[in-house]
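Inspection log for the structure reproduced underneath, given as structure tokens.
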Amino acid sequence: MKFPGQRKSKHYFPVNNRDPLLAQLTQQEQSVSTYICGIDQTLVDIEAKVEDELLSRYGLPKGNSTLIDDQQAHELYHELKNNEMISDEFAGGTIGNTVHNYSILADDRSVLFGVMSQNIMVGSYAYRYLCNTSSKVDLNYLQPVDGPIGRCFTLISEDGERTFAISKGSMDKLTPEYIDKDVVQNSSALVITAYLMRASEGDGMTSAAMQAIEYAKAADVPVVLTLGTRFLIQEDPKWWQDFIRDNVTILAMNEDEGEALTGFSDPLLASDAALEWADMVLCTAGPLGLYTAGYTEDSEKRATSHTLLPGAIPEFNRFEFSRPKLKADCETPIKVFAHISPYMGGPELIRNTNGAGDGALAALLHDLSANTFHKTNVPGSSKHQRDGLCYSSFSQVCKYANRVAYEVLAQHSPRLSRGLPEREDSLEESYWER
């Protein structure tokens with residue numbers, strides 16, 4: 001486990017050296033590794049610049065997302081390929097992106113549940129998916145299926161409008177039998193997306209996801225839900241509110257999804273409302289930056305040394321130096337909020353907006369998993385006398401998530417190809433000499 005961020009605290013390093021007094025009482029053990037697991041609709045993102053005439057010919061409403069069958073997908077792909085219109089092909093899927101980015105940041109294992117084509121040809125969609133996924137992501141639990149995995153065509157018009165054509169293939173064919181109970185219950189977190197709850201009749205994805213959630217809840221493993229798209233949530237907000245209340249520990253969303261879920265367009269108020277159903281919220285808000293919200297014990301709250309921020313909740317970041325906790329673990333729970341503006345004001349050139357939220361969530365999961373790692377390997381640390389959901393404070397999680405989101409925005413792919421730099425060029429040399 002590579003710990004997140006620049007750390008000066010005695011609690012971080014070296015984690016393998018036990019307290020000398022504690023070592024006399026207990027035998028020195030080898031470090032226990034931690035990991036996260038996730039369930040996803042395995043798909044490949046195919047990006048191409050097209051004319052409006054092509055959209056009309058394939059019956060794709062401009063600016064919308066449309067489901068197409070395998071035959072249409074095959075014809076569309078070959079037309080784009082033959083005319084050299086494809087600019088990029090990436091492994092996709094919001095959870096696939098998240099667990100990949102987690103493994104890059106933590107330099108450690110994650111596990112992905114889903115499906116994969118049984119027969120893989122060089123250059124096929126399945127081949128590209130595997131080639132663009134970190135070797136640290138454990139794919140041994142994927143369910144083999146006949147036929148292609150999912151394909152998502154992002155068709156960009158001359159005016160910049162994006163039209164999506166999605167071919168499901170076999171991506172929703174995952175069955176509950178391929179969810180490994182031990183893997184889920186020994187993980188630091190189970191990560192799912194709202195898309196999993198809307199599989200078509202005859203597909204097993206929703207049943208598989210619910211099975212994994214039951215395994216996680218039985219072992220007190222945090223369940224992390226990312227909402228995915230506002231259009232899915234606004235169909236039945238009450239259903240999603242009940243689902244989150246009954247099953248979810250951490251909720252990740254953007255401001256549009258937050259509005260669809262809660263009715264509040266202000267991301268701060270949406271995060272506040274979502275805390276009625278979840279223990280912690282990560283809300284990305286585009287050019288405004290991102291918010292974290294959650295609970296801490298009143299007697300353990302820590303006041304910020306940063307400027308108190310105005311907003312719909314005045315001075316909402318007053319206790320952002322507090323650590324997130326499960327509401328059930330607090331005798332007197334109080335709500336805590338933190339915000340950060342885009343890192344360095346955002347990239348000079350935003351190359352890709354897909355995946356920035358997945359990158360931010362990966363950073364939060366890294367911090368959560370680091371907490372489990374440290375608690376398991378250094379149980380005598382004063383850090384864990386008061387148990388927390390994450391290792392760091394709301395403020396630190398904000399900073400880390402913000403930095404990772406920046407890295408994704410500044411590149412074409414929604415997946416990181418390398419971890420964050422050890423030394424930030426934007427920081428003065430005196431910072432590193434402290």
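- To the nearest 0.5 Å, the span separating CD on Q211 from CD on E177 amounts to 8.5 Å.
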Take R403 and K399 through the side chain to side chain contact (heavy atoms under 4.5 Å, CB included) test and state the conclusion after the steps. CA-CA 6 Å; R403 180 64 182 88; K399 290 178 182 177; over 6 Å; no
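- Remark: R198 is positioned above the aromatic ring of W239, its terminal NZ or CZ atom under 6.0 angstrom from the ring centre and at most 45 degrees off the axis.
- A side-chain donor-acceptor contact under 3.5 Å links T94 and D358.
- The OG1 atom of T284 lies 9.0 Å from the CE atom of M253; values are rounded to the nearest 0.5 Å.
- Taking CG of N254 as the start and CD of E259 as the end, the distance is 10.5 Å to the nearest 0.5 Å.
- Between D279 and K327 there is no salt bridge, since no side-chain nitrogen of the basic residue lies less than 4.0 Å from a carboxylate oxygen of the acidic one.
- The pair K136-D108 does not meet the salt-bridge criterion, since no charged nitrogen lies less than 4.0 angstrom from a carboxylate oxygen.
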Can M205 and K173 be said to form a side chain to side chain contact (heavy atoms under 4.5 Å, CB included), step by step? CA-CA 6 Å; M205 179 60 82; K173 300 298 183 184; over 6 Å; no
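- Residue K181 places its NZ atom among 12 or fewer non-hydrogen atoms of other residues, nucleotides or ligands, all under 6.0 Å distant.
- Side chains of R151 and S167: a donor on one and an acceptor on the other come within 3.5 Å.
- Between A274 and T262 the shortest heavy-atom distance is N-CG2, 4.2 Å.
- At distances below 3.5 Å, not a single donor-acceptor pair connects side-chain atoms of N97 with backbone N or O atoms of G359.
- In this structure, E161 does not pair ionically with K62, as no charged nitrogen and carboxylate oxygen lie closer than 4.0 Å.
- When all heavy atoms are compared, the tightest approach of M121 to Y127 is O-CB, 3.3 Å.
- Ion pairing between K49 and E84 fails under the 4.0 Å rule for side-chain N and carboxylate O.
- Judged by the 6.0 Å distance and 45° axis criteria, R415 is positioned over the aromatic ring of Y129.
- Of the possible polar contacts, none joining the S369 side chain to the H366 backbone as a donor-acceptor pair under 3.5 Å is found.
- The two residues A293 and F337 make their nearest non-hydrogen contact at CB-CD2, 3.5 Å.
- Side chains of I233 and T229 form no contact here, defined as non-hydrogen atoms less than 4.5 Å apart.
- Distance alone, capped at 3.5 Å, places no donor-acceptor pair between the S124 side chain and the I120 backbone.
- Remark: E51 CD is loosely packed, at most 12 non-hydrogen atoms of other residues, nucleotides or ligands lying under 6.0 Å away.
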Begin from the C-alpha positions of D367 and S392 and carry the test side chain to side chain donor-acceptor pair (under 3.5 Å) through to its verdict. CA-CA 7 Å; D367 197 89; S392 305; 2.6 Å; yes
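- If you look at Y102 and Y35, their ring centroids are not closer than 6.0 Å.
- Of the N and O atoms on the side chains of Y77 and E89, at least one donor lies less than 3.5 Å from an acceptor on the other residue.
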Test side chain to side chain contact (heavy atoms under 4.5 Å, CB included) on F243 and M197; report intermediate values, then the result. CA-CA 10 Å; F243 176 82; M197 297 297 111; 3.7 Å; yes
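- The residues K168 and D203 are annotated as salt-bridged, a charged nitrogen and a carboxylate oxygen being separated by less than 4.0 angstrom.
- Contact check for K325 versus Y295: no side-chain heavy atoms found under the 4.5 Å cut-off.
- V183 has its side chain within reach of F113: a pair of non-hydrogen atoms, C-beta onward, lies under 4.5 Å apart.
- A donor-acceptor pair shorter than 3.5 Å cannot be found between the side chains of T34 and T372.
- No donor-acceptor distance shorter than 3.5 angstrom exists from the side chain of N83 to the backbone of M85, with no hydrogens or angles considered.
- More than 12 heavy atoms of other residues, nucleotides or ligands shown are found within 6.0 angstrom of CG on D69.
- Between the side chain of Q185 and the main chain of Y215, a donor-acceptor pair closer than 3.5 Å is present.
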For a salt bridge (charged side-chain N to carboxylate O under 4.0 Å, His left out) check, start with the C-alpha distance between R57 and E79, then their side-chain angles and the critical distance, and finish with the verdict. CA-CA 12 Å; R57 186 152 37 86; E79 178 171 347; 2.8 Å; yes
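- For the pair F373 and N377, the tightest heavy-atom approach, listed with the atom from each and the gap, is O-ND2, 2.8 Å.
- Looking at F153 and I68, their side chains come closer than 4.5 Å, going by heavy atoms from C-beta outward.
- Considering all non-hydrogen atoms of both residues, C398 and T292 come closest at SG-OG1, 3.4 Å.
- In this structure, L174 and I39 have side chains that are in contact, with non-hydrogen atoms separated by less than 4.5 Å.
- Under the 4.5 Å side-chain criterion, counting only non-hydrogen atoms from C-beta, W277 is not in contact with D242.
- The distance from atom CG of L225 to atom CD1 of I250, rounded to the nearest 0.5 Å, is 11.0 Å.
- Residues L251 and L261 have side chains in contact (heavy-atom distance under 4.5 Å, counting atoms from C-beta outward).
- Between the T304 side chain and the H306 main chain, a donor and an acceptor come within less than 3.5 Å of each other.
- At a threshold of 4.0 Å, the pair E276-K335 counts as salt-bridged, since one of the basic side-chain nitrogens sits closer than that to a carboxylate oxygen.
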Please report the C-alpha distance between Y391 and Q396 in whole Å, then the side-chain angles of each, then the deciding distance to 0.1 Å, and finally whether the side chain to side chain contact (heavy atoms under 4.5 Å, CB included) criterion is met. CA-CA 9 Å; Y391 192 95; Q396 282 290 96; over 6 Å; no
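- N82 places a side-chain N or O within donor-acceptor distance of the main-chain N or O of H78, the cut-off being under 3.5 Å.
- Put simply, OG on S417 and CD1 on I104 are 7.5 Å apart, with the number rounded to the nearest 0.5 Å.
- Taking CE from M171 and CE from M116, the interatomic distance works out to 13.0 Å, rounded to the nearest 0.5 Å.
- Side chains of E47 and T154: no donor on one and acceptor on the other come within 3.5 Å.
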Take R230 and E235, measure what salt bridge (charged side-chain N to carboxylate O under 4.0 Å, His left out) needs, and give me the verdict at the end. CA-CA 9 Å; R230 69 169 302 159; E235 290 176 2; over 6 Å; no
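- Using modelled atom types, one side-chain atom of D40 and one backbone atom of G96 make a donor-acceptor pair closer than 3.5 Å.
- A pairwise comparison of heavy atoms in C283 and S271 identifies CB-OG, 3.5 Å as the closest pair.
- In this structure, the side chain of D266 engages the main chain of L269 through a donor-acceptor pair within 3.5 Å.
- A distance-only check finds no donor-acceptor pair linking the side chain of T66 to the backbone of L60 [under 3.5 Å].
- In this structure, H339 and Y291 have tilted ring planes: the angle between them lies in the 30° to 60° band.
- Counting only heavy atoms from C-beta outward, the side chains of I149 and S170 never approach each other to under 4.5 Å.
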